[in-house]
Structure formats: C-alpha cells, structure tokens
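Below is one structure, written out as structure tokens, with a few remarks after it.
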Amino acid sequence: MENLEDLKIMAEQWSYQGIEYLQKIPPTQLYAAVGVLLFTTILLLLSIRLVRRTKSNTVLLSGLSGSGKTVLFYQLRDGSSHQGTVTSMEPNEGTFVLHSKNAKKGKIKPVHLVDVPGHSRLRPKLEEFLPQAAAIVFVVDALEFLPNCRAASEYLYDILTNANVVKKKVPVLLCCNKTDKLTAHTKEFIRKQMEKEIEKLRASRSAVSTADIANDFTIGIEGEVFSFSHCCNKVTVAEASGLNGETVQVQDFIREYIKP
Amino acid sequence: MEEETEKRDDCSVNGDIDTIRDHERQQLPRSKGTNRRSSKMLEQLLIFTRGGLILWTCKELGNALKGSPIDTLIRSCLLEERSGELSFNYEAYTLKWTFHNDLGLVFVAVYQRILHLLYVDDLLSMVKQSFSEIYDPKRMSYDDFDETFRQLRKEAEARGEELRKVKQVGKPVSSVKKQGQVSKSGLDGGKKSSGSKKDDGDGDKDKVGSLMTNGNHKIEDDGSDKTDLANGKENTTDNVVLDPSKLMKLRSKGVRGRGGVRKTDSIGNKSSKVTAAEPPKKATKKNRVWDDAAPKQVKLDFTDSVDENGNGDHVDVAAADQGESMMDKEEVFSSDGESEDDDDDEPRSDEKPEAKKKGWFSSVFQSITGKANLERTDLEPALKALKERLMTKNVAEEIAEKLCESVEASLEGKKLASFTRISSTVQGAMEDALIRILTPRRSIDIMRDVHAAKEQRRPYVVVFVGVNGVGKSTNLAKVAYWLQQHKVSVMMAACDTFRSGAVEQLRTHARRLQIPIFEKGYEKDPAVVAKEAIQEATRNGSDVVLVDTAGRMQDNEPLMRALSKLINLNKPDLVLFVGEALVGNDAVDQLSKFNQKLSDLSNSGTTRLIDGILLTKFDTIDDKVGAALSMVYISGAPVMFVGCGQSYTDLKKLNVKAIVKTLLK
C-alpha cells in the first residue's frame with residue numbers, strides 16, 4: 001500500500017515537473033516540434049503503404065460472355081451459385097477468403113476477386129482492372145468451344161499482349177469451365193486449339209506495319225509456332241465446373257500466386 | 001374453341017380479343033402448352049443484380065421460358081442503351097423492366113405477347129418498392145418474398161380488372177373515333193408518299209400506337225391500351241420515325257418476311273421528303289441541234305488513248321509511293337485534361353438566369369452533402385442541356401432523345417456521390433453510354449476474316465452500298481490500297497452499271513494500283529456481273545473482291561430490290577454501308593430503310609443486314625461528329641473505316657474515345 005502511494009506521489013511530481021518544463025519552452029518551438037513529428041509520421045505511413053501496395057491481391061475473372069464467370073465467382077465466394085445467373089452488366093467485386101469444403105490450416109489471406117463482364121460492349125471495363133491484376137483467370141466454355149474459339153482466342157490475345165500484363169508478367173490460368181458435361185472438350189484439346197488460333201492471329205496482326213496500334217506487344221518467338229510456353233508470363237491450363245462446385249484447380253492457382 | 005372461351009373468362013385482357021385471336025392464330029406459332037398455361041397471365045418475374053446474380057424468381061409461375069429471353073433482353077436492349085423503351089419483344093413473349101439504380105437491381109416481368117396486360121407496370125413498381133425494403137447485399141435468397149409477391153400480384157390484377165372495366169365502357173366510342181381519324185391519316189399518308197406502296201399506308205396507320213407495345217397488330221388495340229398521356233405524346237411527335245426494337249427483330253432473325261412489314265411498319269415516313277421514283281430508262285435522247293448545220297457525230301471522248309487493258313501512255317503507279325495508309329498510323333490526338341467544362345457551359349446554356357442560379361446553388365449544396373436521391377425533375381435540366389449539346393454536334397434528334405431517356409432510366413433513384421454535381425454525374429453516365437454504343441459488338445478485324453476465307457479457298461467478298469454521292473468508289477479504292485499494303489491480293493468488280501463514267505473511274509484506280517478489275521460495261525445486271533466477278537476471283541486466286549454498286553435512294557423500291565437481289569445471289573462476307581459524315585437526320589432514315597428492305601426482300605435462309613459502316617468525308621466536319629453516333633445506334637453495325645480525304649492513304653479507324661470526347665465537349 002505504501003509503495004503504491006509512493007508511486008502515485010512520484011508520478012504526480014514527475015507530471016508537475018514535465019508541465020513546468022513544457023511551459024518554459026517558447027510556444028513557437030513547441031508548435032514546430034509537434035509539426036515535425038506529425039510530418040515524419042505521415043511520411044512513414046505513406047512510405048509503408050507504398051511498399052505494401054506493390055503486392056496487390058487482385059485476381060481477375062475474364063472470358064467471353066456465357067462462359068461461366070459469375071457462377072465461378074459465387075462458387076469461390078459462397079460455395080454455391082444460388083439461383084442462377086444472367087448476363088452481367090457490371091463487374092462483381094469482392095474481397096473474401098476462398099470458400100473451400102475442407103478447411104485449410106494456416107493463415108489464409110483474403111483475395112480480391114473481380115468478375116469482369118464478358119460482353120464485347122463492356123470490354124473497356126477490363127482495361128480499368130488490368131493495371132491492378134496480380135493474376136488472371138481466363139474462363140473458357142468447354143462445351144461450346146468451337147463456335148466461340150475465334151472470339152475467345154482474340155480476347156486472350158488482347159490480354160496477353162496488354163502492356164500491364166507483359167511488364168508485370170502476370171500469370172494467366174486458362175480455365176476450361178463446364179467440364180461436368182459429357183460433350184465438353186478436354187483441356188489439352190482446348191489448349192492446342194487456342195495455340196493454333198493465336199498463331200493465326202499473330203500472323204495476321206504482326207504482319208502489319210511497325211506502328212501496330214491494335215496491340216501493344218507481340219508474343220511468341222519469331223519463326224516458331226506459338227505455344228503458351230513462349231510467353232514471358234506463366235500460362236497454365238486447368239479444368240473446372242462452376243455448377244458442381246469443382247473449383248479446386250482454380251483455388252490452387254489463386255493460392256499459389258496470392259501469397260499472404 | 002373451348003380453350004378460347006376459357007381464356008376469355010380468365011384473362012384480364014382487353015375486350016375485343018376475338019379479332020386479335022383469329023388474326024394471331026394464323027401468325028404466331030402456338031404450342032399446346034401455352035393454351036393450358038394461359039390461365040396464369042404472367043409468365044415469370046425475375047429480380048437480379050446488375051452483376052448478373054438472380055436474387056429471386058417467382059416459384060408459383062415456375063414455367064421454364066422458351067429460349068433465353070432475359071439474356072436477349074440484356075444483350076439487345078439494356079446494353080444497347082435502349083433501356084428507356086417501354087417493352088421488348090422476344091418471340092412469343094413481351095418483357096417489361098424497371099431499375100433500382102441505387103441498389104443496382106433489375107426487375108423484369110415476362111408475359112405472353114398476345115396478352116396485353118395493363119397491370120404489369122404497376123406490379124413492377126410495387127415489387128420494386130417492397131423488395132428494396134428487404135434487400136440486403138449480403139443475403140442471397142429471399143424466400144419470404146414469395147408471400148409478399150402473391151399479395152402484390154392479387155392487388156395489381158384487381159386494379160387491372162377495374163381499369164379494364166372502365167375502359168370497356170369508354171372504348172367503343174373512342175375506337176370508332178380512332179378508326180375515322182386513322183383512315184383519314186392513312187389516305188393522306190398514301191397520297192404524300194410517292195414511290196412507295198401499301199406498306200407506307202399501313203405505316204401511317206400503325207404510327208399512332210406501334211411505338212408502345214410492338215405486339216399490337218390491330219388499331220383497335222391502340223385505342224384500348226393506351227392511356228391518354230401516351231396518346232397525347234404520340235400525336236405531338238409528328239415524325240414518329242424510329243422503331244429500333246423492330247430493327248432488333250430484323251437482326252435477331254426471329255421475325256421476317258411480309259408479316260413483319262404489314263404489322264408494325266413505322267419506319268420513317270417523312271412527309272416532307274417527296275422522292276420521285278426513278279423514271280424507267282426509256283429510249284435514249286437524240287442530240288439537240290441548234291443551227292441547221294449537219295450534225296457532226298463527234299465522239300465526245302477526251303480520255304487518253306488507252307486500249308482495252310488500260311495500258312496507256314502515262315501509267316501512274318501508286319503502289320508504295322504514297323506511303324502507309326493512315327489505318328496503320330498511330331492516332332495522335334491531344335489528350336485534354338479530364339476536367340469538365342461545365343463551368344464554361346453553364347453561362348452559355350439556355351436556361352433562365354433565375355432558375356439557373358437557384359439550380360446551381362442547390363446543386364452545389366447537394367453536391368457537398370451528397371445524399372440526395374436523383375429524381376426525374378433533377379435530371380431533366382441536365383439531360384436537356386446534354387441533348388442540345390449532342391444535337392449541335394449533328395446527332396440526329398431522335399437518337400439524342402432515346403439516349404437521354406436511356407441515361408435517365410439508368411440514373412433515376414441513384415444516390416449522388418459526395419462532392420459531385422448532378423451535371424457531372426449525368427455527363428459521366430452519358431459518356432459511359434456513348435462508349436458502350438460505339439464499342440463494336442463483334443470483332444472488326446478484317447485481316448483475320450480475310451485469312452479465314454483464304455484458308456477455305458474462297459475470296460472474301462465486300463459489297464459497298466449507299467446513297468448517291470457519298471464516296472463509294474473513292475473509298476473502295478482506298479480500301480483496296482490498304483489491303484494491298486498488307487500483301488492481300490485484291491480484285492475490283494464494277495457493278496455500278498448505271499452511272500456514266502463509273503466503270504472508267506474504277507478502271508483508272510485499278511490501273512494506278514495495279515490490281516485486276518472485272519467489268520462488263522454499262523446496262524448489265526449488277527447481280528450477274530458480281531457473280532461472274534466472284535467466279536473469276538476464285539479462278540485466279542484473288543483473296544478479296546471489292547464490289548462497287550450504284551448509289552440509290554433508300555425510298556426507291558425497284559433499286560432496293562435490285563440491291564437485295566445482288567446480295568442474296570452472291571452472299572457476300574461483308575455488306576458495308578457507306579455514309580457520309582455530313583449527313584444529318586437523314587442518316588437514321590437511310591440506315592433503317594436499307595436494313596428494312598434488305599430484310600424484307602431476302603429470300604429463304606439467313607437474312608443479311610448491314611454488317612459495317614464506312615464513314616466518309618470526315619475531314620469536312622470539324623467537330624460535328626454526331627453522324628457516326630446516329631448511324632451506329634440505329635443499325636448496331638460498327639464503324640469499320642473512316643475516310644478522311646481524297647487520296648489513297650486517307651483511311652483510318654474510328655477512335656472511340658476521341659469521338660466521345662468531341663461529342664461531349
């Protein structure tokens with residue numbers, strides 16, 4: 001008890017001494033000191049934030065209209081696609097931990113997932129999100145693949161030759177959706193077809209003059225048939241089924257590239 | 001017959017269904033299923049987010065919809081900036097919708113087209129109100145809404161019944177009057193339009209009501225369906241030209257043929273424009289002789305001495321001398337700052353100074369607080385100013401009107417973000433809408449198409465169509481030059497066999513560019529000439545065939561028929577409509593009539609419409625670039641090339657962002 005009281009008396013004495021000392025200092029110096037302190041703390045915060053920002057955790061879900069992006073988005077978020085979807089008119093964004101049936105141990109960082117509409121009129125929206133993308137999942141309809149092959153390959157080509165993607169070497173996952181259906185194509189077939197189509201695109205677009213305003217970069221190696229291994233950013237292929245909830249491969253891809 | 005009486009009792013449909021039913025039964029495809037289900041009038045009601053997730057569907061009306069009406073609605077109407085319209089038709093269904101812009105929800109009701117349900121609008125707004133109360137972004141299923149919906153539906157149906165009874169009393173009187181009015185206007189319409197046929201007569205009659213629900217097939221329906229407000233609106237707009245939803249029908253290939261024409265032909269019939277049909281080519285005129293000297297048959301040919309192959313004394317080879325085409329050059333345009341020029345525009349606007357001051361102050365206040373919900377009255381002045389601005393940039397009046405309506409529909413009820421003014425929100429929404437319209441719906445990579453056709457060992461055929469004097473032949477040569485630069489072998493086909501000098505013009509271009517030309521002289525059937533040209537191209541391995549046609553006015557029935565025949569016979573890969581950027585409101589008329597005729601006069605199989613637009617004389621307009629917008633909006637076809645001068649290199653691509661910026665400056 002006595003110790004406590006002694007401590008209290010000592011604390012009071014110190015506070016009195018502190019206040020006297022402060023009052024002795026002329027006010028301008030005081031304000032200057034406070035100002036400098038504030039300034040340095042703000043600078044520190046900003047710099048920390050800048051350093052942290054280089055590691056973004058945005059994953060883009062892109063692909064043609066009708067390939068199953070919105071279903072996949074809701075599967076990854078909630079584990080079910082609820083009552084169905086219609087053609088999206090606006091992007092779906094969300095920051096959440098990926099829903100998985102078996103709980104994974106360890107710290108799982110929430111992922112910022114963006115589902116960009118695939119309709120061709122809304123293509124400019126993709127350009128808005130590309131700068132912040134850390135990984136891209138390109139969803140392809142494995143069921144109705146051949147009629148849309150050309151359009152899908154053009155879209156993929158535009159993504160792969162985008163300046164942001166090339167400079168930051170953003171990894172791309174070619175996800176073949178709707179594989180639960182019997183007549184869906186295999187991922188190997190789809191991969192080969194896409195490579196062939198992109199090869200044709202490469203020929204038709206780069207055989208033009210040097211000022212190719214359509215695409216910022218060209219991909220692949222000159223003189224060789226295009227293959228996804230030629231890209232400087234990593235391109236992998238996976239299968240998924242949005243309706244059944246089989247999104248394991250997609251989740252693995254996302255977890256691999258969005259490190260906590 | 002039993003089924004019919006059953007329907008008449010159950011449905012709250014307007015009185016004179018008998019005439020419709022008899023008429024309809026022959027026209028629309030009917031399956032047995034629809035008859036049995038018709039006791040429920042509404043087929044389906046959906047609520048979904050703008051991001052695409054369906055939040056609620058009515059489980060009572062658990063009918064699977066035939067086809068995919070919702071997706072088609074989104075793709076062809078809402079994303080095409082036609083959300084200001086009142087309804088959308090898809091095969092046997094009519095769809096009505098409403099937005100809740102603040103929460104980002106869309107409410108869509110689907111019902112059978114032949115039933116004219118009055119209560120749908122009412123029901124939609126009630127559903128919107130009650131659903132927005134229970135809406136929570138985190139919740140995904142709303143099963144408790146079923147009960148609420150059932151009650152709302154009963155209310156709405158009851159109200160609809162009352163309205164119908166009220167209308168039935170007043171209907172016989174009004175319908176008789178309507179018929180009298182309409183037949184008179186029909187006669188006038190017939191007299192005014194010269195070269196046209198019965199179609200335009202029907203067009204005038206249907207003009208009165210067909211903008212509303214396109215399912216109206218008889219005039220009697222118009223009288224009973226329309227509210228007085230709608231009628232008043234119809235009567236004031238003299239030039240009810242547009243029916244873009246009809247064009248949607250053409251494009252979707254769902255309805256075609258004469259039936260479609262007779263029913264809803266409200267494509268522009270501008271009474272001010274009296275176009276005389278071309279006189280049939282009679283015997284050639286004899287030369288007039290003024291004095292008594294013997295007529296000297298001097299050959300009036302001042303061309304250089306050239307033989308059949310065109311190898312004359314002076315051969316100007318264009319080839320690589322002119323440098324690259326502007327298609328391949330980077331577009332350098334000054335990127336002005338993103339700051340809006342509203343402060344400059346406000347003093348210049350036509351609003352009264354007092355109202356403007358008050359408006360400005362309250363908008364500033366609102367902008368700072370940022371909590372106001374946007375109402376129609378708030379949006380109106382801003383939208384009006386925007387419409388005026390668009391029209392000064394040479395956008396057709398109806399298009400500007402429709403765009404403003406669409407933007408209004410997408411902004412109503414939205415919360416203003418803080419520190420933004422109403423005008424800037426409206427401007428932003430309009431900019432988004434314009435970019436969406438001008439962005440092509442499909443890829444316009446011609447090179448890719450050419451390569452694809454090459455693989456199939458057939459030539460890629462492009463047909464240039466348009467009215468007189470827009471620059472088809474000149475721009476054809478420019479396109480040929482550009483293709484040649486990219487090592488594609490081109491061949492020209494001179495199917496303009498009417499205009500004097502057309503063949504020589506093309507021959508000169510071909511000589512300068514050193515590409516083969518297929519010609520058969522004048523006064524030959526263009527369709528046959530084109531067919532032979534394509535055969536010749538297949539034989540000598542040309543990659544592309546560019547077919548030049550004669551210019552023709554859109555009202556000219558025999559010429560449009562000839563054009564249709566050319567397209568049906570040859571099945572080109574690309575039908576390119578050449579339009580000049582100087583055109584004003586006529587662009588709407590030209591494109592819609594061209595599309596209309598191409599669809600009507602097409603025979604079995606696929607209907608070919610205009611696939612692309614070539615905009616010419618772009619260098620003559622400084623910043624009045626609105627014609628591009630009108631053309632793209634009304635036809636849905638992307639602008640593939642822009643001609644901006646008279647030399648071979650003056651061909652470039654359309655820069656969407658630059659155009660939008662110029663339009664809204």
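These numbers come from a predicted model, not from an experiment. Basis for what follows: all heavy atoms, side chains included, without hydrogens, waters or symmetry-related copies. Each chain gets a letter, A, B and so on, in the order the sequences are listed, and its residues count up from 1.
- The minimum heavy-atom distance linking B:G51 with A:S88 is given by the pair O-OG, 2.7 Å.
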- Query: When you look at B:D445 and A:L201, which way does the side chain to side chain contact (heavy atoms under 4.5 Å, CB included) test go after all the steps?
  - Reply: CA-CA 10 Å; B:D445 196 354; A:L201 268 177; 4.1 Å; yes
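- Heavy-atom pairs under 4.5 Å with chain A peak, among B:V656, B:T49, B:I437, B:I435, at B:I437.
- One N or O on the side chain of A:R121 and one on the backbone of B:R436 form a donor-acceptor pair closer than 3.5 Å.
- Counted within 6.0 Å of NZ on B:K454, heavy atoms from surrounding residues, nucleotides or ligands total 12 or fewer; the atom is thus considered open.
- The structure places CG of A:D78 at 8.5 Å from CG of B:L53, a figure rounded to the nearest 0.5 Å.
- At a 4.5 Å heavy-atom cutoff, the contact between B:V106 and chain A is made by side-chain atoms alone.
- The residue among A:N92, A:T70, A:V86 with the most heavy atom pairs within less than 4.5 Å of chain B is A:V86.
- Contact of the B:H451 side chain with the A:K200 side chain is not registered, since no non-hydrogen atoms from C-beta on lie closer than 4.5 Å.
- Among the candidates B:T439, B:I54, B:L46, the residue making the largest number of heavy-atom pairs closer than 4.5 Å to chain A is B:I54.
- Of the two parts of B:L73, neither the backbone nor the side chain holds a non-hydrogen atom closer than 4.5 Å to a non-hydrogen atom of chain A.
- Ion pairing between a basic and an acidic side chain is recognised when a charged N comes within 4.0 Å of a carboxylate O; A:K125 and B:D432 show no such pairing.
- Interface remark: B:I74 contributes side-chain atoms only to the contact with chain A (heavy atom separation under 4.5 Å).
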